[in-house]
Structure formats: C-alpha cells, structure tokens
Enquirer: 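Please read through the structure below; I'll follow up with questions.
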There are 2 protein chains.
Amino acid sequence: MLMVDRLRRIVELLRTHGSLSVAFLAGETGVTEQTIRRDLDRLAAQGQVIRSHGGATPPPSEPGDDCFTARLSQAADAKRRIAMAAVALVRPGEHIMLDAGTTTLAIARLLAGHDRIKVITNSVPVATEMAQRPASDIVLIGGELRVSTLSTVGPMARESFGRLHVQKLFLAASGIDAERGFTNSNLAEAEIKQAMIAAAEEVYAVADGSKLGRVLLYSFAAIEQVKALITTANAPHEALEAIRMRNVDVILV
Amino acid sequence: MLMVDRLRRIVELLRTHGSLSVAFLAGETGVTEQTIRRDLDRLAAQGQVIRSHGGATPPPSEPGDDCFTARLSQAADAKRRIAMAAVALVRPGEHIMLDAGTTTLAIARLLAGHDRIKVITNSVPVATEMAQRPASDIVLIGGELRVSTLSTVGPMARESFGRLHVQKLFLAASGIDAERGFTNSNLAEAEIKQAMIAAAEEVYAVADGSKLGRVLLYSFAAIEQVKALITTANAPHEALEAIRMRNVDVILV
DNA sequence: CTTTATTTTCGTTTTCTTTCAAATTAGTGA
DNA sequence: TCACTAATTTGAAAGAAAACGAAAATAAAG
C-alpha cells in the first residue's frame with residue numbers, strides 16, 4: 001500500500017469514525033504506530049486532521065463549508081444559466097425528475113416558481129428547495145441516505161424509480177464523454193441514475209463545460225440515451241462535436 | 001476513549017444536563033474523579049465550562065439572551081430532556097424509527113453522536129440532522145412531501161414502512177388521551193404513523209406535557225399500543241394516571 | 001465538627017519526540 | 001542497461017512528556 005493511499009485511508013477512517021487512536025489506525029493500516037504518528041503530523045500540517053494526545057479527530061466541519069455547499073458556490077452563474085435553459089423546456093402540468101447535484105438544485109430553485117409541476121427527486125436539498133414554495137408538488141424518493149451528496153441510493157430508491165414514469169429527466173453527471181458516455185465515481189449513484197433514465201421519456205443532461213471529456217469510474221449511460229445536453233460554452237470544442245455527431249442536441253448557454 | 005473525546009463528552013453532558021457533579025461525570029466517562037477534576041480545570045481555563053465546588057456548570061449563554069429566547073430555549077430544554085430519556089433507551093447496533101416532529105428532531109440531534117445505530121425516518125429535517133455526523137446510517141422513507149412538516153406521506157411511504165422492521169419507534173403525536181388514544185389533525189400523517197407502529201417491536205411516544213389530554217381529528221393508535229410515554233412533568237396529573245392505569249409506562253423528565 | 005471536595009505529591013503507564021539504521025525509491029551519469 | 005548516490009520512508013529504541021490513578025494533606029460546606 002502506497003503512502004498516499006494510507007493517508008487517504010486515515011482521513012477516510014477519521015471522517016467515518018469521528019475520532020480514532022493511533023493504535024487503532026496502526027492496526028487498521030498495518031504499519032507501526034510510529035508511522036501513524038508521522039502521518040498524522042503531516043495531515044495535521046495540511047489541516048486535514050486535528051491531532052490530539054493518543055490519536056486524532058477529523059477537522060471541524062463548519063456549517064456551510066462541507067463539500068456540498070462549497071461546490072454550490074462554485075460557478076453559480078454558469079449553473080443558473082444552465083438551469084434557465086432547462087426550465088424553459090418544462091411545460092405546465094408535466095411531471096419531471098430531478099437528479100441530485102448542484103446544477104439540478106439550481107433548476108429546482110427556478111422551478112419553484114412554476115405552478116402545477118410535479119417534481120420527483122432523490123435529492124434532499126432539491127426537495128427542501130422545492131418545498132419553500134407552497135404550490136409545489138414533490139415526491140421524494142426514499143432509500144439509504146448518502147451523506148456526502150444528501151441523496152438517497154440503494155435498492156429501495158432504485159425500486160421506487162422503477163415504478164414511476166415521467167416526461168422529462170434532468171440528469172447530472174460528473175463525467176461526459178462521447179465515447180464512454182456518462183460516468184460517475186460512485187457506484188450506488190450510478191445505479192440510481194440508470195433507474196431514473198429508465199423511468200423517463202426524455203432525458204436532458206445538465207453539466208457545466210468542465211465535465212465534458214471527463215471519464216470516471218462507473219459508466220451509467222451511453223451518450224445517445226439523452227435527447228439533449230445543456231452545458232456552458234467553455235466546454236472543449238472537439239468533445240462537443242463528437243457528441244453532436246451522435247445525434248445528441250447540444251444547448252450552449 | 002481519547003481524552004479529547006472525553007472532554008467533548010463532558011461539555012456535551014453539561015450542556016444537556018445543565019450542571020453535573022464530579023462523581024457523576026467520573027461514573028459516566030469511566031475515569032477517576034481526579035481525572036475529571038483535571039479535565040474540568042482544563043475546560044474552565046478555556047472557558048468551556050464554569051467550575052464550581054463539587055462539579056461544574058455549562059458556560060453562560062450568549063449575550064442578547066432576552067426573555068423571549070429564554071422561553072424558547074426553555075421549551076427546547078423540555079424537548080432535550082425528553083430526547084435524552086429516549087436516547088437512553090437505545091442500545092448500540094439497534095435499528096430505530098424516528099417519526100417527524102420537533103421532539104424527534106431533538107432525539108436525532110442527540111443520537112447523531114452514537115455509533116452503529118441505523119435510523120429510519122420519513123422526516124427530512126431528521127435525516128439532514130443525522131447526516132451532519134459522519135458515522136450515521138440513515139434510511140429516508142420516500143413519498144409525497146408534505147411541505148408544512150417536511151415529511152413524506154402517502155401510499156409510497158406507507159408501503160415502504162410496511163416492508164421494514166425495527167426494534168424501536170419514537171412516535172410523536174399532537175394529541176394523547178387515555179380514552180381516545182393518539183390523535184393527529186392530518187389524515188395522511190396519521191396513516192403513516194399507523195404504518196410506523198406496525199413496523200416496530202416497541203413503540204415509545206414522545207411529547208411534551210401540553211399534548212396530554214388533547215384530542216384531535218384523526219385517531220391513529222390506542223394508548224395501549226405504546227410501551228411507554230416520555231413526557232414532561234407539567235402534564236395534567238389525571239391524564240397521566242389514566243394512562244398508567246392502562247399499563248403504559250410513563251417516564252417523566 | 002464532620003463530611004465532602006480539592007490540592008498536592010508521587011509512581012505507573014501511556015504516548016510523544018528524538019535519534020539512528022535499514023529498506024525502498026528516485027535520480028544521475030557512464 | 002547498470003551501478004552509484006541522494007532522498008524518502010519505515011521501523012526500532014531510548015529518553016522526555018503527558019495522562020492517569022492513588023493516597024495524604026489541605027480547604028470548603030453544612
């Protein structure tokens with residue numbers, strides 16, 4: 001096991017367990033306590049962990065600085081423009097699905113104004129955002145809650161999506177590539193996205209330009225499965241062309 | 001247990017209990033009174049607690065603590081005491097259900113510290129609260145989202161509960177009466193509560209004293225269906241007696 | 001004045017730091 | 001490609017520091 005892997009592992013273990021002793025981490029990683037101490041010193045210098053006598057604790061997660069809200073503020077304007085283009089596609093009275101993600105959250109924010117639209121989602125932030133407006137009609141899909149994205153996954157969620165049928169799905173993806181299709185770094189989420197795609201008549205992918213040409217671990221759909229991709233103009237030109245060649249509309253905002 | 005964990009625990013216990021003796025803290029944390037004294041000295045030096053002869057008290061609340069917020073936190077204090085009694089019933093490794101409500105939200109807040117507990121809920125606030133802590137294992141029940149309570153209801157939620165099985169359910173109710181049982185003013189929620197009760201081995205009702213003797217529109221359970229009622233001492237005495245007569249434990253906090 | 005709590009002191013245990021050597025890895029130049 | 005050197009990582013051991021518990025002396029509370 002490489003040292004970087006071990007460091008990552010330590011951070012991960014601390015995040016899930018709350019706080020751990022040097023001895024435990026040594027046993028868990030198969031190295032000496034000495035080495036763990038050195039690792040913790042290093043991680044503490046980077047602010048990744050808080051060192052304490054006998055062990056370490058994860059860094060305090062201030063409200064509004066976790067990974068989710070951090071991503072939220074990033075490129076807020078681009079996301080809003082994408083969201084506006086997405087909302088323009090929605091007709092009154094339609095049933096739509098919203099994937100979990102910051103771009104889809106921006107869609108929810110705009111959509112909250114529209115009446116008579118039923119929104120189905122597995123994202124807790126999307127649901128709470130929609131609930132702000134009284135006239136909304138929301139179905140929240142149940143399942144195991146993924147803490148990092150605040151969305152539900154697992155068999156229960158997959159099955160729930162399997163029974164539903166909607167006109168439009170707005171799909172988020174961390175990686176979009178003409179060849180490899182849509183990819184994601186988490187298996188459970190990839191499975192849910194597949195279930196959502198199966199439940200929708202038309203699928204619209206929403207993602208800022210940085211996601212184009214990126215390929216991640218789990219692939220969950222071919223590029224042809226979506227009707228259109230809504231993205232920003234900073235996407236790599238050749239990636240966009242390759243997608244257009246496969247009969248997917250590209251909407252640039 | 002690391003020292004930092006113990007220090008955190010002490011602060012937490014003081015915050016919830018109000019003020020505690022050195023002996024109690026020693027018993028609670030499994031160390032000598034001597035060590036507790038040293039801990040308290042340390043915490044007092046940081047201003048985290050106020051030292052006093054024989055024990056310590058939590059730090060004074062923030063300035064700008066007017067009469068209104070005092071009353072507010074008083075109600076919060078009642079809920080927290082109920083929540084503490086509820087959490088004391090939970091054993092490590094158990095699966096529990098949390099109903100939607102402010103008292104159950106207080107339970108979630110306390111429960112978030114416990115490891116290895118799986119929480120099933122239909123309440124979005126409860127789920128997000130639990131998700132704050134890394135080590136939590138949460139199942140969010142899906143369904144139509146009721147905007148006013150941010151909880152899911154409807155056939156989908158009912159069915160989901162129908163497939164689950166947990167050791168303990170902490171049930172909230174707007175009205176509790178020995179004769180009329182548990183009542184609620186919303187039909188959809190009443191139905192969900194019935195489904196939850198059916199899915200749990202043991203049901204514990206949690207409600208502040210003002211709910212006792214009240215009867216609302218929809219009744220969803222008889223008083224005998226719960227194992228115990230956790231409530232505050234300000235509940236009407238005759239209402240409590242009537243409930244006790246029906247073999248329901250009453251836990252006053 | 002009695003009881004209880006605190007401080008002080010001391011020894012034991014645990015954890016940390018420092019230092020050194022072996023092992024691994026990366027880089028260099030023939 | 002093949003040694004050779006330098007840097008990094010890791011483990012081991014010894015001394016320093018911290019945490020903890022126990023007991024005696026002191027202070028506080030009723």
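Numbered from 1 within each chain, the chains take letters A, B, ... in sequence-line order.
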Enquirer: Taking B/Q167's backbone N and O only, do any of them form a donor-acceptor pair with B/E202's side chain (distance below 3.5 Å, no angle check)?
Expert: no

Enquirer: Considering residues, nucleotides and ligands other than A/R246, do more than 12 of their heavy atoms fall under 6.0 Å from its CZ?
Expert: yes

Enquirer: Would you classify A/S21 as touching base, sugar-phosphate or nothing, given that sugar-phosphate means primed atoms plus P, OP1 and OP2, and contacts are heavy atoms under 4.0 Å?
Expert: nothing

Enquirer: Please check: side-chain N/O of A/T104 versus main-chain N/O of A/L98, any donor-acceptor pairing under 3.5 Å?
Expert: no

Enquirer: Do the side chain of B/Q46 and the main chain of B/L43 share a donor and acceptor less than 3.5 angstrom apart?
Expert: no

Enquirer: Looking only at heavy atoms, what is the nearest atom pair of B/L140 and A/L140, with distance?
Expert: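 Residues B/L140 and A/L140, closest heavy atoms: CD2-CD2, 3.7 Å.
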
Enquirer: For chain A and DNA chain C, what are the first and last nucleotides along the strand, 5' to 3', with at least one atom under 4.0 angstrom from a heavy atom of the protein chain?
Expert: C/dT15 to C/dT18

Enquirer: With a 4.5 Å limit on heavy-atom distance, are the side chains of B/M84 and B/V253 in contact?
Expert: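 Counting from C-beta outward, B/M84 and B/V253 never come under 4.5 Å.
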
Enquirer: Is any side-chain heavy atom of B/I96 closer than 4.5 Å to one of B/L111?
Expert: yes

Enquirer: Between B/I10 and B/I36, is there a side-chain heavy-atom distance shorter than 4.5 Å?
Expert: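 Yes - at least one pair of side-chain heavy atoms lies under 4.5 Å apart.
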
Enquirer: Extract, from 5' to 3' on DNA chain D, the first and final nucleotides lying under 4.0 angstrom from some heavy atom of chain B.
Expert: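 First-to-last contact on DNA chain D, by the 4.0 Å heavy-atom rule, is D/dA19 to D/dA28.
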
Enquirer: Going by number, which of residues 22-42 of chain B have a non-hydrogen atom under 4.0 Å from DNA chain C?
Expert: B/V22, B/Q34, B/R37

Enquirer: Between B/A44 and B/R51, which heavy-atom pair has the shortest distance, and what is it?
Expert: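 Here B/A44 and B/R51 meet closest at CB-CB, 4.3 Å.
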
